[in-house]
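A short worksheet on the structure shown next.
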Amino acid sequence: MSSFVDEIEYKLENVNATAVASGDIDKTFRSSSIDLISATLGGKILAFSDQWFAEAANLLTPTPPISQPGKMVFTGAWYDGWETRRHNSESFDWVIIRLGVASGTVEGVEVDTAFFTGNYAPAISVEGCFSDNEDQVVSWQGGRGNWEPILSTRECGPSQRFGWKLDQPSNKQYTHVRLNMYPDGGIARFRLFGHAVPVFPEDKSVIFDLAAAQNGGVATSCSDQHFGTKDNLILPGRGKDMGDGWETARSRGKDHIDWTIIKLGAPGYIEKFVVDTAHFRGNFPQKIAIQAIEWKGDADPDASAEGWKEVVAPSKTSADKEHDFANASTDSVFTHIKLIMIPDGGVKRVRAFGRRAA
């Protein structure tokens with residue numbers, strides 16, 4: 001560590017974590033976990049020390065940061081991120097965030113300083129807590145409170161994605177996190193990768209969306225995501241435009257298909273599926289099909305794994321519409337589903353309504 005980090009007054013217990021190269025962050029986390037604080041999942045900024053130059057809410061924007069050189073606002077140059085004033089008299093600037101899920105466990109952290117060059121955050125740390133008293137959490141502000149270290153102090157640098165994978169992820173659950181920035185500066189995006197710990201209905205007969213990210217669903221792999229990521233498929237709501245759906249490149253080959261595999265939040269009996277093409281008007285798939293599997297292997301199944309069962313036959317879709325499809329195999333327990341687009345196109349959301357297996 002540099003002398004700058006050594007001189008930081010607010011010390012955290014060391015947490016062992018391995019740095020992840022910028023180009024490896026997505027493949028390291030996106031196939032096995034979700035961004036627990038994404039704004040589209042419901043993550044919310046509760047409090048911050050300062051946001052003079054750029055708003056803290058930008059940290060949770062799901063899309064990559066952008067730059068608009070020459071654009072000036074009242075406070076100065078416009079930045080797509082969180083930026084505080086110079087010459088912070090406190091040890092650090094901070095922002096408190098409520099997770100977008102009931103609670104979650106953490107596997108890794110990303111801090112992106114894109115386009116912050118002479119004004120980036122020199123170092124960061126991340127703390128977390130589990131609490132149902134949000135007012136109390138906010139009252140801790142920049143103090144010690146009951147915060148526990150998730151990631152101890154790490155150096156950052158100009159205009160780059162920084163990732164860290166926890167060496168020994170625990171089952172410790174968090175409801176809130178605090179991002180600390182030493183001593184001030186700018187950060188474009190903040191991601192907290194991990195697993196939702198849902199609150200399932202006690203009554204096993206209750207029907208709910210087994211694929212939803214809030215209920216522990218994870219999009220594990222896909223054939224292509226040129227325009228929109230597979231992770232959007234399991235987010236709440238119907239989204240705001242095509243940018244927050246799953247959209248593939250145009251195919252030209254005969255018999256082409258695109259697919260995404262989703263691990264359900266819990267094994268269950270699925271009664272019906274909903275495939276939503278909201279905002280996809282000239283580029284929805286000609287047809288969709290759905291397969292499902294009960295998978296007992298250690299790693300998630302791939303598209304060619306043995307045991308996939310057709311539960312929705314190839315069916316016509318149309319623009320900007322929620323399509324309901326009955327499950328052809330309601331008596332079977334499934335752990336994963338595979339959404340297939342024929343031949344390609346865009347889908348906004350997929351739902352798998354069912355009940356948990358006993």
Problem set entry | Residues that Q51 engages under side chain to side chain donor-acceptor pair (under 3.5 Å), provided they are two or more places apart | none

Seminar exercise, completed: The ring-ring contact (aromatic ring centres under 6.0 Å, His included) partners of F334 (sequence neighbours excluded) come to none

For this session: Would you mind reporting whether V275 and V312 have side-chain heavy atoms less than 4.5 Å apart?
Result: no

Exercise. Around atom CZ of R85, are there more than 12 heavy atoms of other residues, nucleotides or ligands at under 6.0 Å?
Worked result: yes

For this session: For residues S315 and H323, determine if any side-chain heavy atom of one lies less than 4.5 Å from a side-chain heavy atom of the other.
Result: no

Problem set entry | Whether over 12 other heavy atoms sit under 6.0 Å from K321 NZ | no

Kindly list each side-chain donor-acceptor pair under 3.5 angstrom involving residues 351-358, sequence neighbours excluded, with atom names and distances?
residue : atom : partner : partner atom : Å
R351    : NH1  : L235    : O            : 2.9
R351    : NH2  : L235    : O            : 2.9
R351    : NH2  : G237    : O            : 3.0
R356    : NH2  : P201    : O            : 3.1

Problem set entry | Heavy atoms of other groups near K27 NZ, more than 12 under 6.0 Å | no

Problem set entry | Candidate pair S131 and N133, rule side-chain hydrogen bond (donor to acceptor under 3.5 Å, both in side chains), full reasoning | CA-CA 5 Å; S131 176; N133 188 339; 5.6 Å; no

Exercise. In terms of heavy-atom contacts, does CZ of R250 have more than 12 from other residues, nucleotides or ligands at under 6.0 Å?
Worked result: no

Exercise. Going by heavy atoms in the side chains, are C129 and V137 under 4.5 Å from each other?
Worked result: yes

Exercise. Which pairs, with at least one residue in residues 89-100 and sequence neighbours excluded, count as a salt bridge (charged side-chain N to carboxylate O under 4.0 Å, His left out)?
Worked result: R98-E134

Exercise. Heavy-atom count around D167 CG within 6.0 Å, excluding the residue itself: above 12?
Worked result: yes

Exercise. Is it true that atom CD of Q286 has more than 12 heavy atoms of other residues, nucleotides or ligands lying nearer than 6.0 Å?
Worked result: no

Exercise. So with a 6.0 Å cut-off around CG of D324, is the heavy-atom count from everything else above 12?
Worked result: yes

Problem set entry | Salt bridge present between K230 and D258 (N-O < 4.0 angstrom) | no

For this session: Could you pull out all residues at least two apart from Y269 that satisfy ring-ring contact (aromatic ring centres under 6.0 Å, His included)?
Result: none

Problem set entry | For N180, the option from S91, S125, S49 that meets side chain to side chain donor-acceptor pair (under 3.5 Å) | S125

Problem set entry | From L36 atom CG to T105 atom OG1, the distance as rounded to the nearest 0.5 Å | 7.0 Å

Exercise. Do the side-chain N and O atoms of T28 and K165 include a donor-acceptor pair separated by under 3.5 angstrom?
Worked result: no

For this session: State, with a plain yes or no, whether a side-chain heavy atom of H226 is found less than 4.5 Å away from one of T248.
Result: no

Seminar exercise, completed: Apart from I342 itself, its cluster of hydrophobic side chains linked below 4.5 Å comprises I257, W259, I261, I293, W295, W308, I340

Exercise. Pairs in or reaching into residues 178-206: which pass salt bridge (charged side-chain N to carboxylate O under 4.0 Å, His left out), with residues at least two apart or in two chains?
Worked result: D35-R191, D80-R189, E127-R178

Problem set entry | Salt bridge K348-D276, side-chain N to carboxylate O under 4.0 Å | no

For this session: Any pair with a residue in residues 201-222 that passes ring pair (Phe, Tyr, Trp, His ring centres under 6.0 Å), sequence neighbours left out, goes on the list, sorted by first then second residue, please.
Result: F200-F208

For this session: Ignoring hydrogens and angles, state whether a donor on the side chain of S304 or D302 is under 3.5 Å from an acceptor on the partner side chain.
Result: yes

For this session: Provide the full list of ring pair (Phe, Tyr, Trp, His ring centres under 6.0 Å) pairs with a residue in residues 96-135, sequence neighbours left out, each pair given once.
Result: Y79-F116

Exercise. So, N16 versus N14: side-chain donor-acceptor pair below 3.5 Å or not?
Worked result: yes

Problem set entry | Any pair counted as ring pair (Phe, Tyr, Trp, His ring centres under 6.0 Å), so long as it reaches residues 131-180, sequence neighbours left out | W140-W147

Exercise. To which residues is V73 joined in a hydrophobic cluster, defined by side-chain heavy-atom contacts under 4.5 Å among Ile, Leu, Val, Met, Phe, Trp and Tyr, whether direct or through other members?
Worked result: I66, W78

For this session: Apply side-chain contact (heavy atoms from CB on, under 4.5 Å) to L264 and I270, showing your working.
Result: CA-CA 10 Å; L264 303 179; I270 301 171; 4.0 Å; yes

Exercise. Rest of the hydrophobic cluster containing F74 (Ile/Leu/Val/Met/Phe/Trp/Tyr, side-chain heavy atoms under 4.5 Å)?
Worked result: W52, F53

Problem set entry | Y10 six-ring centre to R144 NZ/CZ under 6.0 Å and within 45° of normal | yes

Exercise. Taking side chain as C-beta onward, heavy atoms only, is S38 less than 4.5 Å from L60?
Worked result: no

